[in-house]
2 protein chains.
Amino acid sequence: MGDMAQSPLMSQAPIRILLVDDHSVVRMGLAAILGLDEGLSVVGEAEDGTQALEKFKAEKPDIVLMDVRMPGVSGIEALRALRTACPAARVVMLTTSELDEDIQQAIAAGACGYLPKSVKREELSKAIRHVHGGGHYVPEAMARRLEQLARRRHLSAREIEVLDGMRRGLSNRDIATALSISEHTVKAHVKAILQKLESADRAEAVARGFEHGLLKVERP
Amino acid sequence: MGDMAQSPLMSQAPIRILLVDDHSVVRMGLAAILGLDEGLSVVGEAEDGTQALEKFKAEKPDIVLMDVRMPGVSGIEALRALRTACPAARVVMLTTSELDEDIQQAIAAGACGYLPKSVKREELSKAIRHVHGGGHYVPEAMARRLEQLARRRHLSAREIEVLDGMRRGLSNRDIATALSISEHTVKAHVKAILQKLESADRAEAVARGFEHGLLKVERP
DNA sequence: GCCGAGATCGCCCGTTCGGGCGATTGCGCA
DNA sequence: TGCGCAATCGCCCGAACGGGCGATCTCGGC
């Protein structure tokens, strides 16, 4: 493996990579893995967001591989700062957990890729080349999770009915009666609504309902 | 008294009146009082909203004197039905209590006058003539109360601050901390808000806040 | 000068809410 | 043929909510 250096495609100048992680062990591991691919070259390492910015300016790497979680300036913040300073920077975020919720923030902040540290060597190389080629890379499992998170904001028809009951000042029991279901089911819906709308209580959920256009002003 | 029949003004055809009240005693009393005024003439009586509509169509009275509270179809509902069927109908509502809250609904539903049953004979006649002449009549005391009720919708600056806390999903205690006051005071404000916005709970209050323009969409 | 209204604080109490653990059914999509 | 998800139902429980009874103080209008 890793002996594709002679192929016409790989004979180009290697992709220059900057590693950012507070754990030197991880940096070592990544460097070792990436070193096996002759089309890739680690040109610098940084321990935190601040260093990352400095190293980036000094080395002008093609790709930044950065941990999402770091002490001090978080990976997400560092990503934002980096993208603000150098919008052309192509950053691939790394995460420890398989199902990291930060994925949304990372994408929103301009990450070009998002990988779990458990990623296999082949996929890592593939991801880096893909991102270097101008694309975005998110593993299958994470993409699915992204969809879930996206769908998660959209209330179901039933949930909107319940939300509408809330905005009228109905209690869970009242809503249950109105919809001819049990109070417990209403509570289940309410719970789902609070989660999806990231609200602490029904009052905030109603506010979010208006903000998201789920509820319309009836009597202006 | 009642011998003004010869005066030029009173020589016109008398004002034809329909009485609507579920208590025959009240109808009798009104008929007796109105009978003292030769410019007025009771041309029919009804015991409920349904009868009222029938009698109105049959007699085409100039003025309807109707109780706000009646079993079955309430006076307010009957008023609405009447105004819908005959927009030209001029209706004066009667109430038992001096400070009836229904006054707002009655006015909103198109009543031309609103009187307590304790009204004096002179004022009753005056009111009927005024309404018959195309005007609206509400006694001094009730007019003042109307103002109060109107002002009552406007939340104070402090109350809007509390409402804003609600829409953010803050608990009473949280709001108290944010505003540096006691939780109890917040509860007092919340209570006032619920009353003013006619809401059963904070969720509905928030909805009303948006509907009344007190709250603005922050994140569309 | 008094009255009303707003803002502040106090206690009690029943109901509701929201969270935490469950669970089964049916539908669509892979 | 599963897997995921929406919708339905179950119980327990602590905290929050809302109502009802208070109260004082200040400010502005009549």
Side-chain angles (χ1 to χ4, degrees), chain A residues 98-99 140-208, chain B residues 99 140-141 143-208:
Chain A
E98 292 278 331
L99 302 171
E140 194 62 29
M142 288 199 160
R144 249 182 288 121
R145 175 140 187 92
L146 251 190
E147 280 177 38
Q148 288 172 18
L149 290 174
R151 181 168 23 197
R152 193 160 284 212
R153 329 233 133 163
H154 290 309
L155 301 195
S156 70
R158 200 53 156 172
E159 284 162 351
I160 289 187
E161 287 185 280
V162 173
L163 182 61
D164 202 66
M166 291 190 212
R167 87 90 149 272
R168 297 206 156 67
L170 302 183
S171 68
N172 289 335
R173 186 180 302 164
D174 293 337
I175 298 173
T177 304
L179 298 182
S180 300
I181 55 180
S182 86
E183 181 180 354
H184 189 88
T185 302
V186 174
K187 291 180 74 172
H189 287 312
V190 169
K191 194 183 301 188
I193 292 169
L194 296 186
Q195 280 179 358
K196 291 186 182 182
L197 297 184
E198 296 175 291
S199 300
D201 58 30
R202 44 180 66 208
E204 188 179 5
V206 167
R208 293 294 176 94
Chain B
L99 303 171
E140 194 64 30
R144 248 182 288 120
R145 174 139 187 92
L146 252 190
E147 279 176 40
Q148 288 174 17
L149 290 173
R151 180 171 24 197
R152 193 161 284 212
R153 327 226 133 148
H154 289 310
L155 302 194
S156 70
R158 200 53 156 172
E159 284 162 349
I160 289 186
E161 287 185 280
V162 173
L163 182 62
D164 201 68
M166 290 189 210
R167 88 92 148 267
R168 293 179 204 295
L170 301 183
S171 68
N172 289 336
R173 185 180 303 165
D174 293 337
I175 297 172
T177 304
L179 299 182
S180 300
I181 55 181
S182 85
E183 181 180 354
H184 188 87
T185 302
V186 174
K187 290 181 73 172
H189 287 311
V190 169
K191 194 182 301 187
I193 292 169
L194 295 186
Q195 280 179 358
K196 291 187 182 182
L197 296 185
E198 296 174 288
S199 300
D201 57 30
R202 45 179 65 209
E204 188 179 4
V206 167
R208 294 295 175 92

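A, B, ... follow the sequence lines: proteins, then strands. Residue 1 opens every chain.
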Among [options], the one nearest [X] by side-chain distance:
| X | options | answer |
| --- | --- | --- |
| B/Ser171 | C/dC21, D/dA16, C/dG18 | D/dA16 |
| A/Glu159 | C/dA7, C/dC9, D/dA7 | D/dA7 |
| B/Ala188 | D/dG18, D/dT8, C/dT8 | C/dT8 |
| B/Arg158 | D/dA7, C/dT8, D/dC21 | C/dT8 |
| A/Asp201 | C/dG18, D/dC9, D/dG18 | C/dG18 |
| B/Arg202 | C/dG20, C/dC11, D/dG18 | D/dG18 |
| B/Asn172 | C/dT16, C/dG20, D/dC17 | D/dC17 |
| A/Ser156 | D/dG10, C/dG20, D/dA6 | D/dA6 |

Can you check the [X] [atom1] to [N] [atom2] distance for me, whole Å?
| X | N | atom1 | atom2 | value |
| --- | --- | --- | --- | --- |
| B/Ile175 | D/dA16 | CD1 | C1' | 12 Å |
| B/Arg173 | D/dG14 | CZ | C1' | 12 Å |
| A/His189 | D/dA6 | NE2 | C1' | 8 Å |
| B/His184 | D/dT24 | NE2 | C1' | 12 Å |
| A/Glu183 | C/dG18 | CD | C1' | 12 Å |
| B/Lys191 | D/dC21 | NZ | P | 9 Å |

**Asked** If you measure from the Lys or Arg side-chain nitrogens to the Asp or Glu carboxylate oxygens, is any gap between B/Arg208 and B/Glu204 under 4.0 Å?
**Response**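 B/Glu204 and B/Arg208: salt-bridged.
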
Exercise. Of B/Arg202, B/Glu183, B/Lys187, B/His184, which is the lone residue that meets side chain to side chain donor-acceptor pair (under 3.5 Å) with B/Asn172?
Worked result: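 Single pass found, and it is B/Arg202.
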
| query | Contact class for A/Thr185 vs. all strands (heavy atom < 4.0 Å): base, sugar-phosphate, or nothing? | reply |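 The answer is base, as A/Thr185 lies within the cut-off (heavy atoms under 4.0 Å) of a base atom.
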
Self-check item: Five-pair end axes of the helix from C/dG1-D/dC30 to C/dA30-D/dT1 and the angle they enclose, rounded to 10°
Solution: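 End axes: 60° apart.
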
**Asked** Does a donor on one side chain sit under 3.5 Å from an acceptor on the other, for A/Ser171 and A/Asp174?
**Response**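 Indeed, the side chains of A/Ser171 and A/Asp174 share at least one donor-acceptor pair under 3.5 Å.
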
